[in-house]
Amino acid sequence: MDLAFIITIFLVGFLGSYISGMVGIGGSIIKYPMLLYIPPFLGVASFSAHEVSGISAVQVFFATLGGVWAYRKGGYLNKTLIAYMGVSILVGSFIGGYESSSMSEDGINLVYGVLALTAAIMMFIPKKGIDDIKFEDVTFNKWLAAGLSLIVGVGAGIVGAAGAFLLVPIMLVVLKIPTKMTIASSLAITLISSIGSTVGKVTTGQVDYAPALIMVVASLIASPLGAASGKKMNTKLLQTILAVLILGTALKIWLDIL
């Protein structure tokens, strides 16, 4: 590893983790394409889709850990929602992470493209009135939440993500959870999910530990900073930032696939 390699990987991890803490995602929606395209563009490294998904899986665990710690006070975390969706997505992400070792790189990228496109479409569906609901008055269909998170977990485990980029629009659009509770709770669910995908990637030898360690350090610094910023931001602005990020990533992935 030379200095250019270390700086590049650190900056990718820092930027992705700051945004992940701010908008309630694990960061793979951003870091997956950044790791895939930026290092080879700069001539510092070149990672396969399997390596990128493995690095992302490990990094997401630490990025979400930092974000959850920052949101632990203030009633942002819905424990019932976290329990139902967390257990389901943990099972799904382990299955996806383990089975991904037998998939081709094009297959992994295709799964990522489908997930990102679905999330982008959902983010642009109007979400009226959800932020008028008081945190203590929030209700949702528990089994629908569990079933959807299981499906998300399988797909997310395949690409080394934790699935929050799809969980967030599901929680906003389908389950009608207020934006800031969605952001905080999705980070906690993503933390649980990342355990399954990380174990699946590690046990099948898909993790390059040197860049993963660099991104972990960046995550632990940046994710709490992003979460602190997210608490202060307007909810509509947070939704817009996430929608634009997901749409841009989906377009890039699909342009490469096609």
Donor-acceptor under 3.5 Å (Ser185 side chain, Asn78 main chain): yes

Flag side-chain contact, heavy atom, 4.5 Å: Leu15 against Met34: yes

Side chain to side chain, Val168 and Ile183, heavy atoms closer than 4.5 Å: no

Derivation and outcome, side-chain contact (heavy atoms from CB on, under 4.5 Å), residues Val68 and Tyr76: CA-CA 10 Å; Val68 170; Tyr76 296 101; over 6 Å; no

Rounded distance (nearest 0.5 Å) linking atom CG of Leu11 with atom CD1 of Ile38: 9.0 Å

Shared hydrophobic cluster, Val87 / Leu191 (ILVMFWY, side-chain heavy atoms < 4.5 Å): no

same_hphob_cluster(Leu110, Ile95) at 4.5 Å side-chain heavy-atom cutoff: no

Contact check, side chains of Lys176 and Thr139, non-hydrogen atoms, under 4.5 Å: no

side-chain hydrogen bond (donor to acceptor under 3.5 Å, both in side chains) contacts touching residues 214-229 (sequence neighbours left out): Ser17-Ser219, Tyr18-Ser229, Gln59-Ser219

Gap between atom CG of Leu148 and atom CG of Leu175 - 0.5 Å precision: 7.0 Å

Student check: side-chain heavy atoms of Ile177 and Val138 closer than 4.5 Å: yes

N/O donor-acceptor pair under 3.5 Å between Ser88 side chain and Ala146 backbone: yes

Expected output: side-chain Lys180 to main-chain Met233 donor-acceptor under 3.5 Å: yes

Cluster link Val202 to Leu213, ILVMFWY, side chain under 4.5 Å: no

ILVMFWY network linking Ile89 to Val173, side-chain heavy atoms under 4.5 angstrom: yes

Spacing of NZ belonging to Lys79 relative to OH belonging to Tyr84, to within rounding of 0.5 Å: 16.0 Å

Nearest-0.5 Å distance that lies between atom CE in Met85 and atom OG1 in Thr190: 9.5 Å

Close side-chain approach of Phe47 to Leu36, heavy-atom, < 4.5 Å: no

Transitive ILVMFWY side-chain link Ile170 to Trp143, under 4.5 Å: no

Partners meeting side-chain hydrogen bond (donor to acceptor under 3.5 Å, both in side chains) with Tyr209 (sequence neighbours left out): none

Rounded distance [0.5 Å steps], CG in Leu42 versus CD1 in Ile7: 11.0 Å

Heavy-atom check, side chain of Ile189 versus side chain of Ser149, under 4.5 Å: no

Nearest heavy-atom neighbours spanning Ala188 and Ile82: CB-CD1, 3.6 Å

Straight-line distance of Thr182 OG1 to Leu81 CG, nearest 0.5 Å: 7.5 Å

Worked check of side-chain contact (heavy atoms from CB on, under 4.5 Å) between Trp69 and Leu187: CA-CA 10 Å; Trp69 181 256; Leu187 282 168; over 6 Å; no

Ala218 to Phe14 - nearest heavy-atom pair and separation: CB-N, 3.5 Å

Leu35 side chain near Met215 side chain, heavy-atom distance below 4.5 Å: yes

Note, Met171 side chain near Met181 side chain (heavy atom, < 4.5 Å): no

